[in-house]
Amino acid sequence: MTARFHRLFFALAALVAVFGASSGLHAQFRFDTVVIDAGHGGKDPGTIWYHRVEKHLALDVAKRVETGLRAKGIKTVMIRRSDTFVELDQRARLANKVPNSIFVSVHFNADGKDFGKNGAEMHYYGPKGLYLSQRLDAAFDRSVKLGCTKLVQRKRLVVLRETKAPAVLVECGYLTHRTNSWLCSLTSHRQAVANAIVSGILASRTR
Ligand SMILES: [Zn+2]
């Protein structure tokens with residue numbers, strides 16, 4: 001009787017282990033809407049280098065992401081679609097009103113002390129954000145020529161910390177880096193960046 005109980009116990013434990021492992025392999029999310037957040041806006045231009053203004057570039061990429069996602073049948077909500085200022089906590093509040101969604105914020109980077117720094121960066125807060133960041137990272141590595149893409153955990157960034165949905169903040173290249181900055185000024189490059197964001201989002205989605 002005891003031996004049979006043990007066999008049953010181990011069989012159940014093995015089942016739990018198998019299902020646990022397999023659910024880990026399918027960590028994609030179920031969502032039908034992407035909240036797209038173009039960084040900065042209005043009185044807040046973001047970073048400005050070589051006459052390139054972050055708020056304008058971010059809105060341009062955000063709109064391209066919107067178009068790309070809609071073409072794939074995914075609903076979108078834009079935090080801003082013109083040159084307007086929206087507070088950070090207001091962005092998170094707006095995002096939290098959208099059910100079945102993920103949150104993607106678009107920014108451009110700068111480092112006025114290290115002009116050699118280049119590449120895109122995926123900023124995240126929790127484990128779901130990390131998973132989303134990894135999918136975007138892979139898509140950037142395949143098709144965006146900014147240099148290597150980094151994952152960066154951010155504990156205090158309001159739009160990541162306060163959004164309940166899986167969230168990522170994409171830094172689409174360094175405006176302080178001469179070549180990155182020049183690339184970011186090209187429409188074709190910003191389209192490639194948007195395409196990579198869209199394909200990373202699609203890769204994170206459960207079909
Ligand atoms: Zn920014």
Side-chain angles (χ1 to χ4, degrees), residues 34-66 76-96 102-126 129-130 132-133 136-137 139-140 144 146-163 165-187 189-194 196-198 200-201:
V34 178
V35 178
I36 307 168
D37 173 41
H40 311 277
K43 67 180 182 185
D44 170 18
T47 194
I48 305 173
W49 289 89
Y50 316 117
H51 306 295
R52 285 154 198 154
V53 185
E54 182 183 2
K55 66 174 182 178
H56 297 317
L57 296 174
L59 183 59
D60 178 84
V61 169
K63 285 180 174 172
R64 292 172 192 278
V65 171
E66 178 189 38
T76 54
V77 171
M78 297 285 276
I79 296 288
R80 69 176 179 98
R81 51 168 53 261
S82 60
D83 186 16
T84 48
F85 177 74
V86 185
E87 294 282 0
L88 292 179
D89 55 353
Q90 173 73 359
R91 292 174 197 246
R93 267 202 304 279
L94 287 168
N96 288 339
I102 62 167
F103 179 84
V104 178
S105 189
V106 180
H107 286 252
F108 286 80
N109 226 336
D111 189 332
K113 292 195 183 100
D114 183 357
F115 290 84
K117 253 191 196 166
N118 66 347
E121 292 175 6
M122 307 298 155
H123 294 212
Y124 66 93
Y125 176 74
L130 172 61
L132 184 56
S133 296
L136 265 69
D137 178 51
F140 269 67
V144 176
L146 286 166
C148 85
T149 312
K150 280 200 318 191
L151 302 178
V152 184
Q153 189 176 33
R154 298 288 295 272
K155 292 280 191 190
R156 286 199 289 269
L157 213 62
V158 173
V159 290
L160 295 181
R161 192 190 61 204
E162 301 299 327
T163 44
V168 60
L169 185 148
V170 188
E171 293 280 5
C172 303
Y174 276 84
L175 296 185
T176 38
H177 183 273
R178 278 283 183 183
T179 314
N180 266 201
S181 193
W182 169 73
L183 278 170
C184 293
S185 74
L186 303 178
T187 306
H189 176 76
R190 292 199 302 276
Q191 186 61 50
V193 165
I197 293 174
V198 169
I201 288 171

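Every number for a ligand or one of its atoms is a count from 1 in the order of the listing.
For the Zn ion (ligand 1), the nearest N, O or S atom contributed by E54 is named OE2. The atom name of the N/O/S atom in H107 closest to the Zn ion (ligand 1) is ND1. The atom of H40 nearest to the Zn ion (ligand 1) is NE2, with the search restricted to N, O or S atoms.
Taking CG of L59 as the start and CD1 of I79 as the end, the distance is 12.5 Å to the nearest 0.5 Å. Taken to the nearest 0.5 Å, the OG1 atom of T176 stands 7.0 Å off from the CG atom of N109.
Checked by atom type, the side-chain pair Y174/N118 shows no donor-acceptor distance below 3.5 Å.
Using modelled atom types, no side-chain atom of R80 and backbone atom of R91 make a donor-acceptor pair closer than 3.5 Å.
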